Amino acid sequence: MKPLEPAPREMDCVVVGGGAAGLSAAVNMGRMRRSVLLVDERDRFMWHHKLDNYLGFPDGVAASEIRRLGWRHAARFGAQLLLGHVATASRRGDRFLLRIERLPEGGMFGQTPSPSVPRDEEMARVFGEVPEGGPMEVLARTVILATGVVGHFPEFPGRNECVGQSLFWCIHCEGYESIDRVVGVVGHTEDAVQTALDLLDFTARVTIVAGRPEGFDVPASRLADLAANGIGAHPNGVVQYENRGGQMQALVLDDPARTRIPVEQVYTIRGTRATSELARQLGLELTPAGQIAVTSEQHTNVPGVYAAGDATNLHDHQVSAAAHQGNQAAFGANYHLYRPVQRAGGNAADT
Ligand SMILES: Cc1cc2nc3c(=O)[nH]c(=O)nc-3n(C[C@H](O)[C@H](O)[C@H](O)COP(=O)(O)OP(=O)(O)OC[C@H]3O[C@@H](n4cnc5c(N)ncnc54)[C@H](O)[C@@H]3O)c2cc1C
């Protein structure tokens with residue numbers, strides 16, 4: 001007779017994603033005395049960005065430092081942290097089965113880790129690892145998806161060092177750091193034109209490059225707006241993003257002269273994609289633009305599954321928003337775990 005497979009471990013909650021949203025959810029589930037496992041494949045916070053608008057850090061704080069503090073915080077309230085990739089998620093009655101794989105060497109995206117991140121010792125102390133010899137399975141009574149987004153930065157040598165230091169996309173995050181700097185915007189759409197014009201509140205030295213041979217895809221009136229506001233516009237592709245040590249230096253245009261446009265910073269307008277594969281597997285509703293659809297309290301359409309952070313937001317990609325939504329998701333998941341008698345009016349309803 002075939003030996004029985006060991007039953008998968010069961011947790012009150014599995015949080016997928018260890019950015020601001022997931023960590024905040026794990027802290028709060030832990031404080032509610034729920035067993036919680038957070039699984040993270042460490043991606044977005046590997047960028048070298050510094051947060052200068054996050055309350056409580058008047059001198060700014062590295063995103064990696066927020067994450068490190070978040071690990072300590074979640075671990076203090078009993079959350080188990082696991083380095084791994086949640087490959088699949090499916091329903092099992094009123095539970096959810098998650099299959100967690102080891103990370104390939106170099107992480108999921110083969111990114112160069114930031115040298116400023118004292119990640120490895122701290123990670124080794126607080127994170128578990130998926131054991132050798134195959135994926136592990138966990139049954140969850142509730143799931144919180146906090147899987148973030150994938151940013152579409154252009155590919156070029158030195159790109160990973162530049163992201164967050166001199167290669168940006170968000171004026172709310174980095175506009176202030178562009179004051180009086182020489183800035184290039186790369187993009188052919190109305191978003192790019194708007195970014196170039198909005199940057200004028202920070203610097204007068206703005207140039208826009210379409211970033212593709214077909215040129216700009218905006219009405220002539222918008223090109224006229226750029227010209228009227230002193231913004232040079234080049235309808236060319238970019239053959240080289242010159243950079244050194246994380247510092248952008250120039251955009252080299254795809255024209256016969258290989259025109260070189262010196263820049264100190266570049267904003268790229270290539271957008272992001274919500275990481276929603278697990279959401280699809282679980283049958284969650286998505287928005288038309290692909291984010292996980294949630295209520296104002298982070299409920300999805302599947303009872304017991306919650307989502308928070310960038311994966312649920314089209315525009316509001318901020319650490320403060322993600323942390324708040326992680327809290328809300330935890331409160332929702334905790335409510336789901338209450339016995340009916342513990343709910344408002346002893347009501348069996350899960351809302
Ligand atoms: C260059 C840059 C500059 C920024 N500047 C600022 C700023 O100044 N101020 C500000 O407030 N915000 C800023 N942001 C945005 C901020 O970083 C995000 O809004 C925030 O990180 C969102 O948190 P999150 O938890 O939703 O997602 P993330 O931080 O992206 O975390 C999601 C995590 O989920 C993991 N994950 C995804 N799928 C899986 C899976 N299947 N299994 C396991 N793990 C998985 C990812 O690896 C990732 O670690 C910046 C972002 C970038 C990239």
Side-chain angles (χ1 to χ4, degrees), residues 14-26 37-55 57 60-64 66-67 70-71 81-89 98-103 107-109 111 114 119 123 127 130 135 138 143-153 159-177 246 265-268 272-282 291-292 294 298 307-327 329:
V14 172
V15 178
V16 188
L23 285 164
S24 172
L37 174 71
L38 177 145
V39 188
D40 186 53
E41 64 192 25
R42 61 170 190 209
D43 165 27
R44 188 158 191 183
F45 269 76
M46 302 265 301
W47 301 119
H48 304 235
H49 57 294
K50 182 170 166 229
L51 310 172
D52 278 298
N53 65 345
Y54 193 49
L55 192 66
F57 295 90
V61 57
S64 55
I66 289 282
R67 189 167 204 163
W71 299 340
L81 308 180
L82 186 70
L83 200 53
H85 168 64
V86 179
T88 61
L98 294 109
R99 204 176 140 86
I100 307 167
E101 294 176 350
R102 272 180 89 81
L103 292 183
M108 290 303 294
F109 301 96
Q111 291 178 20
S114 161
R119 197 191 61 241
M123 257 195 159
F127 273 77
V130 179
V138 177
V143 173
I144 297 177
L145 294 180
T147 44
V149 292
V150 177
H152 302 303
F153 291 111
R159 192 270 317 255
N160 289 355
E161 285 68 36
C162 291
V163 174
Q165 297 212 53
S166 61
L167 182 63
F168 309 128
W169 77 76
C170 164
I171 282 200
H172 294 131
C173 297
E174 264 86 33
Y176 196 89
E177 280 60 54
Q265 301 179 340
V266 170
Y267 283 71
T268 71
T272 57
R273 176 181 62 77
T275 314
S276 52
E277 289 79 4
L278 297 174
R280 284 176 214 277
Q281 292 172 20
L282 287 167
Q291 287 78 32
I292 304 172
V294 287
Q298 312 306 133
D310 285 3
T312 65
N313 302 327
L314 179 56
H315 293 301
D316 194 10
H317 293 177
Q318 291 282 286
V319 171
S320 50
H324 162 71
Q325 292 169 357
N327 277 14

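None of the values given here were measured: they were computed from a predicted structure. Scope of the values below: all heavy atoms of this structure, side chains included, with no hydrogens, waters or symmetry mates. In each ligand, atom 1 is the first atom listed, and ligand 1 is the first ligand listed.
In this structure, the side chains of L51 and F57 stay at 4.5 Å or more apart for every pair of heavy atoms.
Here the closest heavy-atom approach between residue G22 and residue A146 is recorded as N-CB, 3.5 Å. Contact record, D310 with Q291: O-CG, 4.5 Å, taken as the closest heavy-atom pair. Heavy atoms only, all atoms of each residue included: C173 and H317 are closest at SG-O, 4.4 Å. Nearest heavy-atom pair, D316 versus A321, reported as atom, atom and distance to 0.1 Å: OD2-CB, 3.5 Å.
Screening L81, V14, V16 against L38 for a side chain to side chain contact (heavy atoms under 4.5 Å, CB included) leaves a single residue, L81.
Using a 4.0 Å cut-off to heavy atoms of V39, the atoms of ligand 1 that qualify are 43 (C), 44 (N). Shown in contact with G164 at under 4.0 Å from a heavy atom are these atoms of ligand 1, numbered in order with element: 1 (C). Close contacts of ligand 1 with A21, meaning ligand atoms under 4.0 Å from a residue heavy atom, involve 25 (O), 26 (O). Less than 4.0 angstrom separates some heavy atom of G309 from each of these atoms of ligand 1: 26 (O). The contact set between ligand 1 and V163, taken as ligand atoms under 4.0 Å from a residue heavy atom, comprises 1 (C). Ligand 1 places these atoms under 4.0 Å from at least one heavy atom of L278: 41 (N). Taking every heavy atom of G18 and a limit of under 4.0 angstrom, the matching atoms of ligand 1 come to 33 (C), 34 (O).
Within the structure, the closest approach of A146 to ligand 1 falls below 4.0 Å when heavy atoms are considered. C170 does not count as a contact of ligand 1, since none of its heavy atoms falls under 4.0 Å from the ligand. In this structure, R67 has a heavy atom closer than 4.0 Å to ligand 1. Residue E174 places a heavy atom under 4.0 Å from ligand 1.
Every N/O-N/O distance between D52 and ligand 1 stays at or above 3.5 Å. For a threshold of 3.5 Å applied to N or O pairs, the pair formed by L51 and ligand 1 contains no separation below that value. When only interatomic distances are considered, the shortest N/O to N/O separation between N53 and ligand 1 falls below 3.5 Å. By the 3.5 Å distance cut-off applied to N or O atoms, A322 is not counted among the residues near ligand 1.
T275 contributes a side-chain N or O that, together with a main-chain N or O of G148, makes up a donor-acceptor pair within less than 3.5 Å.
A side-chain N or O of N313 and one of Q325 form a donor-acceptor pair less than 3.5 Å apart. For the residue pair H85 and E101, no side-chain donor N or O sits within less than 3.5 Å of a side-chain acceptor on the partner. Between the side chains of N53 and Q318, at least one donor-acceptor pair of N or O atoms lies under 3.5 Å.
Counting heavy atoms under 4.0 Å from ligand 1, residue W169 touches it through the side chain alone. Residue contacts with ligand 1 for L23 are absent, since no atom lies close enough (heavy atoms, distance under 4.0 Å).
Rounding to the nearest 0.5 Å places OG1 of T88 at 6.0 Å from CD of Q281.
Within the set D40, V16, L82, the minimum heavy-atom distance to atom 49 (O) of ligand 1 is found for D40. The heavy atom nearest to atom 14 (N) of ligand 1, out of those in A20, C173, G22, is found in C173. Between atom 44 (N) of ligand 1 and the options Q325, H85, E41, E101, the minimum heavy-atom separation is to E41.
Note: F168 and Y267 have perpendicular aromatic rings, judged against thresholds of 30 and 60 degrees for the angle between ring planes.
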